[in-house]
Structure formats: structure tokens, C-alpha cells
S.K.: 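Before anything else, here's the structure in question.
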Amino acid sequence: KGVILFDKGITSIVPWAFSGCSTLTSISIPQEVTNINDFAFYQCSSLADITIPSSVDTIGSYAFNYCTALKNIQLPDSLTAIMVNAFYGCSSLEGINLPGSLKNIGGRSFYDCTSLKSIEIPGSVAHINQKAFCHCTSLENVKINEGVKVFFEGAFNACTSLKSIELPSTMTSIQKN
């Protein structure tokens, strides 16, 4: 109960595939999958454990939006894009690794992840989009690695526990959208 198993040959999790599956607790995505599409696990409020294989390169918009039981997630080294609102409202999310392959952190990707305590942005990310970490009220420490050039307004807005933010020498501006 609450677990999904896949057959071989699945290459994409289609939009809305498991949206609203409130009793889903665990999922292991097959190695062949390269894309987790928009709204794939939207409002899976009991989803606490997910395995994302090294084949996945994109996490779509709203893919894990309001997965309120999700505490930790290990992202694969193949991941290049986290689209807008991908983890929005994941209020139990305490830890997430952002791999060195990541190029895009979409706007509001981690908005309202109120349990997230620290984050390290890899240098492969050129810019941090609007309100990416807004309302992460437990966020205390941010490290932005060399290579990141810009973050847009509101990227860390309302992070009321923020104690330190380490900016790289490559940072050129904080911009409005």
C-alpha cells in the first residue's frame, strides 16, 4: 500500500501522472526515465521517500509541489534543470543536494520549504531565479559557489532565520525581473 512499482521501458513520468495520490508514500523511479514532467507528483501529501535515478535530467514545473511529507531528496548528478515551483510548499523538506550538473533553478522552486536549513548552489548555475528560496523560514546558511553570476530579486525573501550567505567573486548583480 502506498508504493508504486514500474515495468521496464518507462522513459518519462507524464504530466499529472500521480497528482493528488494522497496515500502514496514511496516511489522508485526506473533508471530509463529522463524526465519527471509538470505536476507529476503534485499534492502527493504522504510521499516521504523517492528515489530519482541518474538518468533524470529535468524535474518539471510543480512536479513535487505540496509533497508535504518529503523530508530529504537526493538529486542525481545528471540533473540540469529544476523548473518553476518544482518543490514549492514541501514544508517538511530539510535537506536537498543540488548537483554540479545543475544549470537552472526555476522561479519559486523551493518557495515555502519552511524546514530547509541550508543550501549550497553549485557554480554550474548561471543565475538563481525570482523567489527561488522565498519563505524558507528555517534557512540559516546559504553558500553560492564560484560561477554563479546573478540572482533575481526576492530569491531569498522572507528567509527570516538567515544568518549567513556566502557570495562568490563571480556574482555580478542582483536583478529585478
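When a residue number appears, it is its place in the shown sequence, counting from 1. Source: prediction; values computed, not measured.
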S.K.: Short question: side chain of Asn129, backbone of Ile105 - any donor-acceptor pair under 3.5 Å?
M.R.: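 Yes: the side chain of Asn129 pairs with the backbone of Ile105.
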S.K.: Would you check if the side chain of Ser109 reaches a backbone N or O of Ala86 as a donor-acceptor pair within less than 3.5 Å?
M.R.: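 No, because the side chain of Ser109 does not come within donor-acceptor range (under 3.5 Å) of the backbone of Ala86.
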S.K.: Of all heavy-atom pairs between Ser91 and Ser115, which one has the smallest distance, and what is that distance?
M.R.: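 The pair with the smallest heavy-atom distance is O-OG, 2.6 Å.
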S.K.: Consider ring-ring contact (aromatic ring centres under 6.0 Å, His included). Of Phe110, Phe152, Phe151, which one does Phe133 pass it with?
M.R.: Phe110
S.K.: Search all heavy atoms of Cys44 against all heavy atoms of Leu24 and return the closest pair with its distance.
M.R.: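 That closest heavy-atom pairing would be SG-CD2, 4.2 Å.
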S.K.: Closest heavy-atom contact between Pro122 and Asn145?
M.R.: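 Closest approach of Pro122 to Asn145, heavy atoms only: CA-ND2, 3.8 Å.
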S.K.: List the residues meeting side-chain hydrogen bond (donor to acceptor under 3.5 Å, both in side chains) with Thr160, not counting sequence neighbours, and say none if there are none.
M.R.: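 Expected list: none.
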S.K.: Could I get the full list of side-chain hydrogen bond (donor to acceptor under 3.5 Å, both in side chains) partners for Thr11, not counting sequence neighbours?
M.R.: none
S.K.: Parallel, tilted or perpendicular: which describes the rings of Phe18 and Phe41, with under 30° parallel and over 60° perpendicular?
M.R.: parallel
S.K.: With a 3.5 Å distance limit and no angle check, can you tell me whether Ser46 reaches the backbone of Ser22 through a side-chain donor-acceptor pair?
M.R.: yes
S.K.: Determine all donor-acceptor pairs shorter than 3.5 Å in which one atom belongs to a side chain in residues 51-58; sequence neighbours excluded.
M.R.:
unit_1, atom_1, unit_2, atom_2, d
Ser54, OG, Gln31, NE2, 3.0
Ser55, OG, Gln31, O, 2.3
Ser55, OG, Val33, O, 2.5

S.K.: Determine the minimum heavy-atom distance between Leu79 and Ser101, stating which atoms define it.
M.R.: O-OG, 2.6 Å
S.K.: Which residues pass the side-chain hydrogen bond (donor to acceptor under 3.5 Å, both in side chains) test with Asn35, not counting sequence neighbours?
M.R.: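 Testing Asn35 for side-chain hydrogen bond (donor to acceptor under 3.5 Å, both in side chains), a comparison that skips the adjacent residues, returns Asn37.
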S.K.: So, does Thr172 use its side chain to make a donor-acceptor pair with the main chain of Lys149 at under 3.5 Å?
M.R.: yes
S.K.: Enumerate the side chain to side chain donor-acceptor pair (under 3.5 Å) contacts for residues 62-79, please, sequence neighbours excluded, ordered by first and then second residue.
M.R.: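 For residues 62-79: Tyr62-Asn85.
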S.K.: For Glu140, check side-chain hydrogen bond (donor to acceptor under 3.5 Å, both in side chains) against everything at least two apart and list the hits.
M.R.: none
S.K.: Are the side chain of Ser161 and the backbone of Thr137 linked by a donor-acceptor contact shorter than 3.5 Å?
M.R.: yes
